[in-house]
Every structure is written in structure tokens, then in C-alpha cells.
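All remarks here apply to the structure that follows.
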Amino acid sequence: MLPEPLAATVQVTTVLEELGIPYLVAGSLASTIYGMVRTTQDSDLVAEMRPEHVESFVHALEGEFYLDEDMITDAVAQHTSFNIIHRASVFKVDVFVPQVGPFVKEQLSRARRQILATEPQAEAMVATAEDTLLAKLDWYRMGGEVSERQWRDVLGIFQVQAGSLDLDYLRKWAKELGVSDLLERALTQSAS
């Protein structure tokens with residue numbers, strides 16, 4: 001049996017897939033896959049939801065999740081985020097509905113199906129290690145560069161994925177996102 005937080009996340013990603021909504025697992029769950037394991041209070045998904053998806057999404061999950069259809073409708077219309085809470089585990093799933101821009105398109109096109117658990121097997125589309133790093137650096141910057149957890153996640157990915165990351169890709173998108181200085185600082189810290 002899957003741990004309840006993972007089971008809750010997979011329930012949501014399964015519905016997204018059934019509705020044909022492009023999505024990816026991001027945040028601490030993605031960084032745990034590529035870096036150091038840490039507990040989390042929620043999972044983060046990026047999903048290109050449109051207004052016509054809302055009713056079916058709500059209908060598919062309303063029995064097992066606390067959710068607010070009006071909040072979801074507003075988040076989809078305004079390209080913000082909403083959360084739903086798994087009733088059995090009280091685990092929160094945050095869904096970010098992004099403005100579709102070049103980086104979001106790149107993240108979604110590069111996302112890969114990853115095995116999240118083996119007994120029973122559970123899979124979902126997950127952001128690549130590079131895109132997870134870039135998103136973490138962006139969140140770190142937007143949060144005033146004070147979150148030790150975000151920074152540890154970044155360093156953990158660099159340490160675990162040492163030698164396998166596409167540095168050219170990271171530098172290209174770090175420049176686009178305005179986080180080149182943070183990328184170079186993380187590269188230096190993780191090498192020492």
C-alpha cells in the first residue's frame with residue numbers, strides 16, 4: 001500500500017492524466033527524487049488547467065478531497081494556485097496553474113514519467129532535475145533568499161546528481177529567470 005501522502009498525489013495526477021491536462025510534479029517531492037530525502041507537508045503540481053477542466057476535476061476528486069470549486073475556478077482563470085486536502089490523511093496537494101510562458105512550456109515538454117513507488121507501482125510526470133533546480137532557485141529568489149529548506153534542496157540535487165546535470169541548459173535558463181548568480185553560488189557550494 002502506498003504511503004497516504006504519495007497515494008493522495010497519485011490520485012490527483014491520475015485525474016489530470018484522465019482529463020488530458022499537461023502537468024508535472026514539482027517542489028519538494030521532485031527534489032527528493034533527485035536529491036536528499038526530506039519530509040514534506042504537501043506536494044506541488046504544475047498543471048495547465050483550463051476552465052472547461054474544472055467541473056470534471058472537482059467531480060472526480062470531491063469524494064476523497066476537501067476542495068472548493070469556486071477557488072479552483074478563480075485560480076484557473078487568474079493563473080494562480082489552489083490546494084485540495086486529502087480527507088483520509090489531511091495531506092495537502094497544491095496545484096499551480098501557470099501563465100504559459102517559455103520556461104513553463106520547456107518544463108512540461110521535458111517532464112518525464114518517473115516511478116514514485118514500487119509496491120504497488122505508482123508513476124507520474126515529474127520535472128527534470130535541471131528544471132526542478134531552476135524552479136527551486138526561482139522560488140528561493142522570490143521568497144527573499146531566506147528559505148534554508150529551498151537552498152538545501154538545491155544543494156542536495158547538485159550533490160546527488162553531480163556530473164549528470166546539463167550545465168549549459170541550467171545556465172541558459174538561469175539567465176532567463178534572473179537567477180544566474182544563485183546558480184553559480186550553488187555550484188560553488190556544492191563542489192566544496
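These values consider heavy atoms only, across backbone and side chains, with no hydrogens, waters or symmetry-generated copies.
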Backbone N/O of Gln159 and side chain of Ser190: donor-acceptor pair under 3.5 Å = no
Enumerate, atom names and distances included, each donor-acceptor pair closer than 3.5 Å involving a side-chain atom of residues 44-51, sequence neighbours excluded.
| residue | atom | partner | partner atom | Å |
| --- | --- | --- | --- | --- |
| Arg50 | NE | Glu52 | OE2 | 2.6 |
| Arg50 | NH2 | Glu52 | OE2 | 3.2 |

Among residues two or more places apart or on two chains, list those pairs meeting salt bridge (charged side-chain N to carboxylate O under 4.0 Å, His left out) that have a residue in residues 6-23.
-> Glu17-Arg113
Intermediate values then yes/no, side-chain contact (heavy atoms from CB on, under 4.5 Å), Arg152 and Glu148 | CA-CA 6 Å; Arg152 276 195 312 267; Glu148 288 182 32; 3.7 Å; yes
Looking only at heavy atoms, which two atoms of Ser43 and Leu29 are closest? And how far apart?
-> CB-CD2, 4.3 Å
Val93 and His86, any side-chain heavy atoms less than 4.5 Å apart = no
With a 4.5 Å limit on heavy-atom distance, are the side chains of Leu177 and Leu137 in contact?
-> no
Find out if a path of hydrophobic residues (ILVMFWY) with successive side-chain heavy-atom gaps under 4.5 Å connects Val15 to Leu108.
-> no
Between CD on residue Glu176 and CD on residue Glu106, distance to nearest 0.5 Å | 10.5 Å
Kindly indicate whether the side chain of Phe158, heavy atoms from C-beta on, has any atom under 4.5 Å from the side chain of Thr188.
-> no
Taking the side chain as every heavy atom from C-beta outward, state whether Leu182 and Tyr140 have any atom pair closer than 4.5 Å.
-> yes
Worked check of side-chain contact (heavy atoms from CB on, under 4.5 Å) between Arg185 and Val154 | CA-CA 11 Å; Arg185 187 169 95 198; Val154 166; over 6 Å; no
Can you find a heavy atom in the side chain of Val104 that is under 4.5 Å from one in the side chain of His79?
-> no
Would one find more than 12 heavy atoms of other residues, nucleotides or ligands at under 6.0 Å from atom CH2 of Trp139?
-> no
Of all the heavy-atom pairs spanning Val97 and Phe82, show the shortest one and how long it is.
-> CG2-CE2, 4.0 Å
Same apolar cluster (I L V M F W Y, side chains within < 4.5 Å links), Phe103/Leu24 | no
Is there a path from Met71 to Val12 through hydrophobic residues (I, L, V, M, F, W, Y) whose side chains come within less than 4.5 Å of each other?
-> yes
Taking every heavy atom of Leu183 against every heavy atom of Ala174, the minimum-distance pair comes out as CD2-CB, 3.7 Å
Considering non-hydrogen atoms only, spot the tightest contact between Gln107 and Ala135 and give its length.
-> NE2-CB, 4.1 Å
Would you check, one step at a time, whether the test side-chain contact (heavy atoms from CB on, under 4.5 Å) holds for Leu167 with Leu170?
-> CA-CA 5 Å; Leu167 294 179; Leu170 284 169; 3.9 Å; yes
Could you tell me whether the side chain of Tyr34 reaches within less than 4.5 Å of the side chain of Gln114, counting heavy atoms only?
-> yes
Keeping the roles fixed (side chain from Thr13, backbone from Val10), state whether a donor-acceptor pair exists under 3.5 Å.
-> yes
Shortest non-hydrogen contact from Ser81 toward Phe96 = CB-CD2, 3.5 Å
If you round to the nearest 0.5 Å, how far is CG of Leu19 from CD of Glu55?
-> 11.0 Å
Which atom pairs, donor and acceptor, lie under 3.5 Å between side-chain atoms of residues 126-134 and protein residues at least two apart or in another chain?
| residue | atom | partner | partner atom | Å |
| --- | --- | --- | --- | --- |
| Thr128 | OG1 | Arg110 | NH2 | 3.1 |
| Thr128 | OG1 | Asp131 | N | 3.1 |
| Thr128 | OG1 | Asp131 | OD2 | 3.1 |
| Glu130 | OE1 | Arg110 | NH2 | 3.3 |
| Glu130 | OE2 | Asp166 | N | 2.9 |
| Asp131 | OD1 | Tyr169 | OH | 2.5 |
| Asp131 | OD2 | Arg110 | NE | 3.0 |
| Thr132 | OG1 | Thr128 | O | 2.8 |

Closest non-hydrogen atom pair between Ala8 and Phe91, with its separation | CB-CD2, 4.2 Å
Test item: Ile84 and Phe57 side chains (from C-beta on) under 4.5 Å apart, heavy atoms = yes
Does a sphere of radius 6.0 Å around CD in Glu123 hold more than 12 heavy atoms from other residues, nucleotides or ligands, not counting ones at 6.0 Å or beyond?
-> yes
Side-chain contact test, heavy atoms from C-beta onward, threshold under 4.5 Å: evaluate it for Lys136 versus Ser28 and give yes or no.
-> yes
How many angstroms lie between CE in Met142 and OG in Ser147, if you round to the nearest 0.5 Å?
-> 12.0 Å
Between CG on residue Asp74 and CD on residue Glu69, distance to nearest 0.5 Å | 11.0 Å
